Novice: 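The structure follows.
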Amino acid sequence: MDRPPSVDRLVRSIRSDVELPHPVLVDVARTVIAEERVGQAVDEAIRRRRRLLTPVVNATGVLLHTNMGRAPVAVEQTASFSNLELDLETGERGSRQQGIGGLLAIACGAEAAMVVNNCAAAVLLALAAVAGGRSAAVSRGELVEIGGGFRIPDVMAQSGARLVEVGTTNRTRLDDFRRAESDNDDLAALVHVHRSNFRIIGFTESVSISELASLTTPLIADIGSGLLDASCPWLDGPPPAWLIGEPAARQSLEAGASLVIFSGDKLFGGAQAGIIAGRADMVAQCARHPLARALRPGSLVLGSLQTTTLAYLDRRGDDIPFWRMAATPVDALRDRATEIRRRVGSAVSVVDTLAVPGGGTLPGVSIASAGLRVDGDHRAALRSDERPIVARVVEHSTYLDLRTVDPDDDSFVARRLARLIGNDRP
Ligand SMILES: *Cc1c(COP(=O)(O)O)cnc(C)c1O
């Protein structure tokens with residue numbers, strides 16, 4: 001036996017406390033022995049357990065929280081084969097992009113569409129396919145970093161497109177792009193990048209998609225946020241006021257963009273994906289590029305995105321959890337908070353809050369919301385449960401915003417709060 005007996009003994013002693021496969025517990029035991037902290041074996045095992053993916057209750061009021069997987073999505077699938085790349089008409093090999101691409105094209109008014117793993121991958125693929133080995137023009141005001149290290153200049157370099165910088169950080173005019181066109185024989189694309197997570201104010205000037213589209217070079221617009229249509233036909237009421245000014249796929253295409261690129265898990269409210277929609281010849285160019293194979297999603301993602309897209313086309317915004325949460329009237333949230341307070345007691349109070357879209361979209365925009373307040377910072381305790389609740393703290397009070405909580409979780413939240421404040425009636 002080459003394993004020191006103490007590892008076995010330690011594994012046996014923590015096995016009843018934490019449910020993890022034997023080799024993981026062995027690794028935990030070896031780690032704490034090597035680091036001379038055997039007394040922390042159970043804690044270490046619990047820490048490992050808590051690193052695994054698990055559902056959480058998002059009570060932060062941040063609708064698209066990158067740390068919590070952005071949009072909430074349901075995935076229901078029994079073990080089964082699918083027609084992922086089988087053409088059921090001919091029995092021959094088909095394309096995994098055809099079904100979902102067709103739906104997305106109709107949903108945003110494009111000739112064609114396709115899906116890759118995320119928006120960063122979509123930008124990379126579109127630039128490589130359309131402008132690889134040639135040049136692409138971008139305003140200096142849009143050479144930005146969006147989210148964890150996604151930098152437009154770096155992505156362009158990876159795509160093999162040569163970056164032609166246009167204008168200045170605060171002011172870029174159509175003439176700057178015209179000059180880029182006449183100065184660069186190999187200019188293959190104009191690139192427009194939405195300033196998703198920041199604003200430039202003051203002495204500024206920028207070129208709109210419709211102005212850029214008046215030039216002859218094809219325009220690739222990275223709108224990031226994934227709003228499908230500015231008029232939100234999938235909602236019962238008018239578009240929410242907090243969406244004003246956010247670029248939408250349909251309107252960007254109508255304004256003349258050759259391709260629009262957006263995330264599947266931001267305002268689209270679906271699974272993590274990147275969507276490329278627009279001119280059929282350019283989408284085909286993307287689909288043919290060798291990178292498309294490396295960036296293609298699997299059937300789980302495509303199936304989930306198909307469910308979301310069908311809901312849009314049927315105008316069932318309520319069936320898209322993100323939109324159901326985003327569009328809930330604040331009175332309904334207040335009623336839910338009042339009911340939770342009734343069950344928990346006066347240690348919690350009903351408060352008006354401000355939710356935000358999040359996910360690096362709509363900076364500075366808030367959405368009227370409601371929730372509960374408890375004295376003190378209880379974040380760690382709320383996270384420590386089997387079903388973690390993620391809350392916010394402002395000035396020594398813990399806030400639970402109900403806009404991002406599924407109403408089906410209200411009872412759980414009430415029970416958890418009752419336990420937290422020691423008012424747990426059996
Ligand atoms: C969020 C965003 C991206 C990156 O999207 P991912 O889906 O996270 O890869 C790219 N461009 C813009 C404009 C964005 O807002």
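Since this is a predicted model, take the numbers as computed values, not measurements.
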Novice: Within the 3.5 Å criterion, strictly below it, is a donor on N170 or T204 matched to an acceptor on the partner's side chain?
Specialist: no
Novice: Considering all heavy atoms of both residues, which atom of M156 and which atom of L127 are nearest to each other, and what is their separation?
Specialist: CG-CD1, 3.5 Å
Novice: Does any non-hydrogen side-chain atom of D335 lie less than 4.5 Å from one of E339?
Specialist: no
Novice: Assess whether a salt bridge exists between R379 and D377, defined as any Lys/Arg side-chain N lying under 4.0 Å from an Asp/Glu carboxylate O.
Specialist: yes
Novice: May I ask you to say whether E111 pairs ionically with R279, meaning some side-chain N is under 4.0 Å from a carboxylate O?
Specialist: no
Novice: Taking the side chain as every heavy atom from C-beta outward, state whether L372 and V351 have any atom pair closer than 4.5 Å.
Specialist: no
Novice: Do L228 and F262 make a side-chain contact, defined as non-hydrogen atoms from C-beta onward lying under 4.5 Å apart?
Specialist: yes
Novice: With the threshold set at 4.0 Å, does a side-chain nitrogen-carboxylate oxygen contact exist between E205 and R173?
Specialist: yes
Novice: Could you tell me whether the side chain of H194 reaches within less than 4.5 Å of the side chain of E246, counting heavy atoms only?
Specialist: yes
Novice: If you take all heavy atoms of A249 and C108, which pair is closest and at what distance?
Specialist: CB-CB, 3.8 Å
Novice: Just by distance, no angles: are the side chains of N117 and Q272 close enough, under 3.5 Å, to form a donor-acceptor pair?
Specialist: no
Novice: Give the intermediate values and the outcome of side chain to side chain contact (heavy atoms under 4.5 Å, CB included) for residues S225 and F268.
Specialist: CA-CA 7 Å; S225 54; F268 190 80; over 6 Å; no
Novice: Atom CG of N118 and atom OG of S263: how far apart are they, to the nearest 0.5 Å?
Specialist: 7.0 Å
Novice: When M114 is tested against each of Q97, R96, Q98 for side-chain contact (heavy atoms from CB on, under 4.5 Å), which residue passes?
Specialist: Q97
Novice: For T309, give me all partners under side-chain hydrogen bond (donor to acceptor under 3.5 Å, both in side chains), at least two apart in sequence or on another chain.
Specialist: none
Novice: Under a 4.0 Å threshold between the charged nitrogen and the carboxylate oxygen, would D410 count as salt-bridged to R336?
Specialist: yes
Novice: Which heavy atom of L235 sits nearest a heavy atom of A327, and at what distance?
Specialist: CD2-CB, 4.3 Å
Novice: List the steps, then state whether side-chain hydrogen bond (donor to acceptor under 3.5 Å, both in side chains) holds for R373 with S397.
Specialist: CA-CA 6 Å; R373 189 185 71 79; S397 287; 2.7 Å; yes
Novice: Are more than 12 heavy atoms from other residues, nucleotides or ligands located less than 6.0 Å from atom CD of E36?
Specialist: no
Novice: About how many Å separate CG of L400 and CG of L417, when rounded to the nearest 0.5 Å?
Specialist: 5.5 Å
Novice: Answer yes or no: are there more than 12 heavy-atom neighbours, outside D236 itself, under 6.0 Å from its atom CG?
Specialist: no
Novice: Is the shortest heavy-atom distance from the side chain of V7 to the side chain of V26 under 4.5 Å?
Specialist: yes
Novice: For the pair L103 and Q306, evaluate side chain to side chain contact (heavy atoms under 4.5 Å, CB included) and give the outcome as yes or no after the intermediate values.
Specialist: CA-CA 8 Å; L103 294 181; Q306 173 176 302; 4.0 Å; yes
Novice: Tell me every residue that passes side-chain hydrogen bond (donor to acceptor under 3.5 Å, both in side chains) with E211, counting only those two or more places apart in sequence or in another chain.
Specialist: S208
Novice: Test your reading of the model: is there a side-chain donor-acceptor pair from E85 to the backbone of S95, 3.5 Å cut-off?
Specialist: no
Novice: Under 4.5 Å between any side-chain heavy atoms of P357 and V365, yes or no?
Specialist: yes
Novice: Mind listing the side-chain donor-acceptor pairs of residues 282-302 below 3.5 Å, one per line with the distance, residues two or more places apart or on another chain?
Specialist:
| from | atom 1 | to | atom 2 | distance (Å) |
| --- | --- | --- | --- | --- |
| Q285 | NE2 | A129 | O | 3.3 |
| H289 | ND1 | L291 | N | 3.0 |

Novice: Of all heavy-atom pairs between I275 and G264, which one has the smallest distance, and what is that distance?
Specialist: CD1-CA, 4.2 Å
Novice: Find the distance between CZ (R15) and CG (L20) and round it off to the nearest 0.5 Å.
Specialist: 12.5 Å
Novice: Less than 4.5 Å apart, side chain to side chain, heavy atoms only: is that true for R151 and V144?
Specialist: no
Novice: Among V390, T404, V356, T60, find the one that has a side-chain contact (heavy atoms from CB on, under 4.5 Å) with H65.
Specialist: T60
Novice: Show the numbers, then the answer: is there a side chain to side chain contact (heavy atoms under 4.5 Å, CB included) between L354 and I367?
Specialist: CA-CA 5 Å; L354 290 174; I367 308 170; over 6 Å; no
Novice: Going from CG on L333 to CG on D401, what distance comes out if it is rounded to the nearest 0.5 angstrom?
Specialist: 7.5 Å
Novice: Among D154, V166, L163, find the residue that satisfies the side-chain contact (heavy atoms from CB on, under 4.5 Å) test when tested with L143.
Specialist: L163
Novice: Roughly how far, to the nearest 0.5 Å, is the SG atom of C119 from the CG atom of D222?
Specialist: 4.5 Å
Novice: Taking everything shown except R47 itself, do over 12 heavy atoms lie less than 6.0 Å from its CZ?
Specialist: yes
Novice: Enumerate the residue pairs fulfilling side-chain hydrogen bond (donor to acceptor under 3.5 Å, both in side chains) with a member in residues 325-334, sequence neighbours excluded, ordered by first and then second residue.
Specialist: D331-R334, R334-D352
Novice: If you take all heavy atoms of L174 and S214, which pair is closest and at what distance?
Specialist: CD2-OG, 3.8 Å
Novice: Any carboxylate oxygen within less than 4.0 angstrom of a Lys/Arg side-chain nitrogen, looking at R171 and D176?
Specialist: no
Novice: Is the side chain of S258 donor-acceptor paired with the backbone N or O of L219 at a distance under 3.5 Å, no angle test?
Specialist: yes
Novice: Could you check Y399 against V393 for side chain to side chain contact (heavy atoms under 4.5 Å, CB included), going step by step and ending with a plain yes or no?
Specialist: CA-CA 6 Å; Y399 288 84; V393 161; over 6 Å; no
Novice: What pairs of residues pass the ring pair (Phe, Tyr, Trp, His ring centres under 6.0 Å) test when at least one of them lies in residues 225-255, not counting sequence neighbours?
Specialist: W234-Y312, W234-W323
Novice: Holding to side-chain hydrogen bond (donor to acceptor under 3.5 Å, both in side chains), I want the full list of residues that pass it with D385, two or more places apart in sequence or in another chain.
Specialist: R416, R419
Novice: State the CZ-CZ distance between R316 and R324, to the nearest 0.5 angstrom.
Specialist: 11.5 Å
Novice: Would you name the heavy atoms of T308 and G269 that are closest together and state the gap between them?
Specialist: CG2-O, 4.2 Å
Novice: Check whether any side-chain heavy atom of V260 lies under 4.5 Å from a side-chain heavy atom of I220, and answer yes or no.
Specialist: no
